[in-house]
Amino acid sequence: MKTKNQNADFLYVGKKLLDWYRIHGRDLPFRKTSDPYHIWICEIIFQQTRIEQGLVHYQNFIARFPEVRSLAEAETDEVLLYWKGLGYYSRALNLHKAAQQIRDEFNGEFPTDYNDILSLKGVGKYTAAAISSICFGKKIAAVDGNFYRVLSRVFADDFDISASKAFDYFSDLAVRMMPDEEAGHFNEAMMDLGSGICKPRNPLCGECPLNNDCAAFQLGKIPLFPVKTKKTKVSDLELFYYFVHFKDKFLIRQRGEDFIWKKLYEFPTQIPNDFESFCTTGKTIFHKLTHKNLTIHLTGVSVPSATLFQDFERVNGFQTVSFSESQGKSFPKPLQDYLALHFRQD
Ligand code: SF4
């Protein structure tokens, strides 16, 4: 693809970035390995989680599931449990399915070919590129929001990052900047520069190794880049839950695989008419997902006897758990927070 910066010295800028990375790159535990399984897990965890927040989760996850087979053969509930606190649980479900895919389709060996990696459940172009470059030295750019921001600023390039061709366009630009044999480090350097220096707001241009070459900085036009014309569509959704409990026991059910919060546990979404007289407190919780603003109406239902649970369980597929038993299961964050608050008060 033709870029708008035919005259730029791409390789020179790329080498400068790598020189900076060798001194200032973050010393992270997963940078000491080129095991594709470990890199895959860390790329999935850190896609939507800050490094400081996700590091302990990454270490615990790897300690419990040290290789593909242990993850493939784990129970779904246990995988979700090790994901607790990271949110976006569909990532954990996809990791689990992809591990089974590697076991069944690749004889348990992590694939080395870019397209094979891309065929794994939940692996997109970014992750496949990161694994291919870091673990197998392939000259492929792991283009993410950091790349879009840094490259569009450095080259004052107004290519629309919300356009369908943006990934290929910036990928092509980045590959021209990569010295041979250094694709993995180049991708890591871009991640570090984008997250630590060339931040979305208030970039630290004074500390940036590319400030002499950065067109947006030199022209005083940083706020104009990157260009994004389409906004992410966010819709509103209202949910109703009933926390049906007797002493420390309450009713829960595992969600299906459709819609949001796949395979997580939830409270009843409706109650029989004769339970309405047991309703106690009501609470409204606002919660944001990537594409949805949720308004959750949560009503406490304090039933006078545990035997009242039985019909509910049989007809609706619920189970009764105590608070300590519930801690072995994964709930959507608003419900988990509600439980923590409820049982701290009682
Ligand atoms: S000079 Fe500033 S805007 Fe340009 S790449 Fe560096 S941090 Fe980003």
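Scope of the values below: all heavy atoms of this structure, side chains included, with no hydrogens, waters or symmetry mates. We count ligands from 1, going down the list as the structure has it; atoms in each ligand are counted the same way.
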Only one of Tyr126, Tyr37, Phe136 passes side chain to side chain contact (heavy atoms under 4.5 Å, CB included) with Ile131, and that residue is Phe136
With a 4.0 Å cut-off, would you call Arg176 and Asp172 a salt bridge?
-> yes
Taking only Lys NZ, Arg NE, NH1 and NH2, and the carboxylate oxygens of Asp or Glu, determine whether Asp160 and Lys165 approach each other closer than 4.0 Å.
-> no
Considering only heavy atoms, which protein residues lie less than 4.0 Å from any atom of ligand 1?
-> Arg153, Val154, Ile197, Cys198, Pro203, Cys205, Cys208, Asn211, Cys214, Phe217, Ile222
Inspect the contact between Lys125 and Asp168 and indicate whether a charged nitrogen and a carboxylate oxygen are less than 4.0 angstrom apart.
-> yes
Centres of the Phe246 and Phe309 rings: under 6.0 Å?
-> no
Could you go step by step and tell me if Tyr148 and Phe170 meet the ring-ring contact (aromatic ring centres under 6.0 Å, His included) rule?
-> CA-CA 7 Å; Tyr148 289 144; Phe170 285 99; 5.3 Å; yes
